[in-house]
Asks: 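What follows is a single structure, and I will ask about it in a moment.
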Protein chains: 2
Amino acid sequence: MARTIGSHSDITGPRVREAALTLFARHGYAAVSMRQIAAEVGVQAGALYNYTPDKQSLLADLLAAHMDELLVAHTAETPKNSAPTDALEHFTRFHIRFNAARADAVFISYMELRNLSAENFGRIEALRRVYEGRLEAILRAGVASGAFDIPDPKITALALIAMLTGVNTWFREAGRLSLAEIEEIYWGMVRKTVAV
Amino acid sequence: MARTIGSHSDITGPRVREAALTLFARHGYAAVSMRQIAAEVGVQAGALYNYTPDKQSLLADLLAAHMDELLVAHTAETPKNSAPTDALEHFTRFHIRFNAARADAVFISYMELRNLSAENFGRIEALRRVYEGRLEAILRAGVASGAFDIPDPKITALALIAMLTGVNTWFREAGRLSLAEIEEIYWGMVRKTVAV
DNA sequence: GTCTATAGAGAGATAGAC
DNA sequence: GTCTATCTCTCTATAGAC
C-alpha cells in the first residue's frame, strides 16, 4: 500500500479501527499483532499509537462503539407507545437487520469480552443489559396486557436474543434466503413462542 | 505444584487436556501459552510435547472429542421410534443438560473454530452438521405427521439450537433457577415454536 | 517421561529524526 | 503524523542430559 508523508489523522484513525475490527473478527484479538493491523492500514506499527494508547483500548473502543450504536439506532428506530405485539415484531426485525449489517462487530462483541480489562468489561456488559432490558420490558408489558403468555420474561428475553443473534452464524448475503425472508420466519417463531 | 521424577503418561495426558480446556475457555486459545498449560499441570513446557505434536493439535483433539462425546451420548440416550413431540422434548432436555455439564468444551467449540487448520475445521463442522441434522429430522417428521407447523425446518433447527445453547452464556449452578426449571421453561418455548 | 537450556521468531510499546 | 530502529519480553518447539 502506498503512503505519503504528512498529516492524516482524520483518515487514518477510522482506517485503523476498521482494520482492527476486520482482523479481530477473522483471527481473534490475541492472534492479531499491531504490525498486522498497521500493514492493513498501510502504515508502520509505531504510527498506530497516535490513535490508541494500547491494543486493549483499541478492542474496548470497538466494542463500546458497537453497543452505543446499537442502543442509539434502536432508540431512534423504535416507534413510541406501540402495542406489545407490534413492539416485539419491531424488535425482532430490528435485531436481525442491525446485526446482519455488522457481522464483524457482533462477532467480536461475543468472542472477545474475556480479553477486556475488568473495568472495560463491566462497561460493555452494562450496555448489553440495557438492550436486553428493553426486550424484557416489551415482554412484561405483553404479559400485563394479556397479549403474551410467558412463564419467565427475563429468561425468554435471553432466549429470544440468543435465537435471533444466531442468524449471524450462518447468514450469507448470497445464501438461499434473503434477509426479508429470514425476518419473516423468525418473527413467526418469536410470535408463537410468546403466544397465549 | 509438586512433581516427581519418572513415568506418568497415563496421568499426565488427561491432565494436560483438562488444563488446556480450562485455560482455552477462560482466556482463549491464542492467549494461552504452552508454559501456562504446563504450569497448571505441574510440569515444564517441554514435557507437553510428549502428549501433543503441537498446540494446534491439542485444540483440535479437544473439539473433536467433545463432538464425538455429544453424538455418542445423544445416540445412547435417545429412545427409538418416539413420536415427534416426544423426540423433540427429549432433544431439548438432552441438549440443555449435556451442554450445561460441559460449559468449557461448548464454549471453545464455538469460539475457537477459526484457530483450526482447514482440515481440522472441516472435520469438526461435519460432526456439528450431523447433530443439527438429527434435530432437523425430528422437525421434518413432525411436519409430515401434522404434529408441527414449521415453514423451514432447517432454519428452525438452527434457531432452536442457538436458543438452547444460549443457556450456557448465563447459567450458573448457584443461580436463581435450577437446571430442571430451565429445562421446563425452554421445553415450553420449543413446544410453542413448532406448534400447529 | 521430564528436566534444563536454548534457538529463532515475533510480540507490544517507545525514542528520536523528519 | 509517520518513519526507522530498538528495547525487552515472551512465544513455540527442539536438543540432549538424566
Side-chain angles (χ1 to χ4, degrees), chain A residues 1-24 26-63 108 112 114-117 119-120, chain B residues 1-24 26-63 108 112 114-117 119-120:
Chain A
M1 169 125 352
R3 62 157 225 95
T4 42
I5 305 280
S7 172
H8 298 285
S9 70
D10 50 340
I11 294 183
T12 307
R15 279 169 54 74
V16 167
R17 288 188 286 278
E18 202 179 309
L21 180 64
T22 306
L23 289 170
F24 289 166
R26 184 140 56 220
H27 306 293
Y29 170 79
V32 173
S33 69
M34 295 298 269
R35 283 173 177 79
Q36 275 179 276
I37 298 171
E40 185 78 12
V41 174
V43 297
Q44 293 301 313
L48 296 179
Y49 291 87
N50 290 313
Y51 302 97
T52 182
D54 50 38
K55 191 184 173 191
Q56 149 93 202
S57 302
L58 189 51
L59 175 64
D61 287 350
L62 288 172
L63 298 194
I108 67 170
E112 304 295 358
R114 61 194 170 179
N115 286 306
L116 294 176
S117 66
E119 189 195 4
N120 284 332
Chain B
M1 170 126 349
R3 61 157 227 94
T4 42
I5 305 280
S7 173
H8 299 284
S9 70
D10 49 340
I11 294 185
T12 305
R15 280 170 53 75
V16 167
R17 286 188 287 279
E18 204 179 308
L21 180 64
T22 305
L23 289 170
F24 288 166
R26 186 139 57 219
H27 307 293
Y29 169 79
V32 172
S33 69
M34 294 299 267
R35 282 175 179 80
Q36 277 178 274
I37 298 170
E40 185 79 12
V41 174
V43 298
Q44 293 301 312
L48 298 179
Y49 292 88
N50 289 313
Y51 302 97
T52 180
D54 51 37
K55 192 183 171 191
Q56 149 91 205
S57 301
L58 189 50
L59 173 65
D61 287 348
L62 289 173
L63 297 194
I108 67 169
E112 304 296 359
R114 60 193 169 179
N115 286 305
L116 294 175
S117 66
E119 189 195 4
N120 285 332

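Just so we're on the same page: letters track the sequence lines, and every chain starts at 1. Values in this document were obtained by computation on a predicted structure and should not be read as measured data. Side chains included, hydrogens not; waters and symmetry mates left out as well; all remaining heavy atoms used.
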Asks: Round to a whole Å and report the spacing from CZ of A:Arg15 to C1' of D:dG1.
Replies: 14 Å
Asks: Could you pull out the closest heavy-atom pair between A:Arg15 and A:Glu40, with the gap in Å?
Replies: NH2-O, 4.1 Å
Asks: Looking at B:Tyr49, does any N or O in its side chain come under 4.0 Å of the phosphate oxygens OP1/OP2 on D:dA15?
Replies: no
Asks: Using the closest heavy atom to pick a nucleotide of DNA chain D for each, name whichever of B:Gln36 or B:Pro53 lands nearer the 5' end.
Replies: B:Gln36
Asks: Would you say A:Thr12 reaches D:dT2's phosphate, i.e. side-chain N/O to OP1/OP2 under 4.0 Å?
Replies: yes
Asks: Quick check: on DNA chain C, is the nucleotide nearest A:Ala31 upstream (toward 5') of the one nearest A:Gly46, or the reverse? Name the residue that is more 5'.
Replies: A:Ala31
Asks: Is the base of C:dG10 touched by the side chain of A:Arg35 through a donor-acceptor pair closer than 3.5 angstrom?
Replies: no
Asks: Please report the distance, rounded to the nearest Å, between CE in A:Met34 and P in D:dC3.
Replies: 14 Å
Asks: Might you point out which heavy atoms bring A:Met34 and A:Thr52 nearest each other, and give the distance in Å?
Replies: CE-CG2, 4.2 Å
Asks: Which value, rounded to the nearest 0.5 Å, describes the distance between A:Leu58 atom CG and A:Ile37 atom CD1?
Replies: 5.5 Å
Asks: What integer distance in Å separates B:Leu48:CG from C:dT2:C1'?
Replies: 11 Å
Asks: How close or far is atom P of C:dA11 from atom CD1 of A:Ile37, stated in whole angstroms?
Replies: 11 Å
Asks: Expressed in angstrom and rounded to an integer, what is the separation of A:Asp54 atom CG from C:dG12 atom C1'?
Replies: 9 Å
Asks: Nearest to the B:Asn50 side chain among D:dC3, C:dG1, C:dC3, which nucleotide is it?
Replies: C:dG1
Asks: Considering all heavy atoms of both residues, which atom of A:Glu112 and which atom of A:Tyr29 are nearest to each other, and what is their separation?
Replies: OE2-N, 2.9 Å
Asks: Nearest to the side chain of B:Tyr51, which nucleotide is it out of C:dG12, C:dC3, C:dG1?
Replies: C:dG1
Asks: Minimum heavy-atom separation for B:Asn120 to B:Gln56, with atom names?
Replies: ND2-OE1, 3.2 Å
Asks: Measure the distance from NE2 on B:His27 to P on D:dC11 and round it to the nearest whole Å.
Replies: 12 Å
Asks: Taking 4.0 Å as the cut-off, does a side-chain nitrogen or oxygen of B:Ser33 come that near to OP1 or OP2 on D:dT10?
Replies: no
Asks: Counting just side-chain N and O atoms, does B:Gln44 come under 4.0 Å of either OP1 or OP2 of C:dT2?
Replies: no
Asks: Check the distance between C:dA11's P and A:Gln56's CD and give it to me in whole angstrom.
Replies: 19 Å
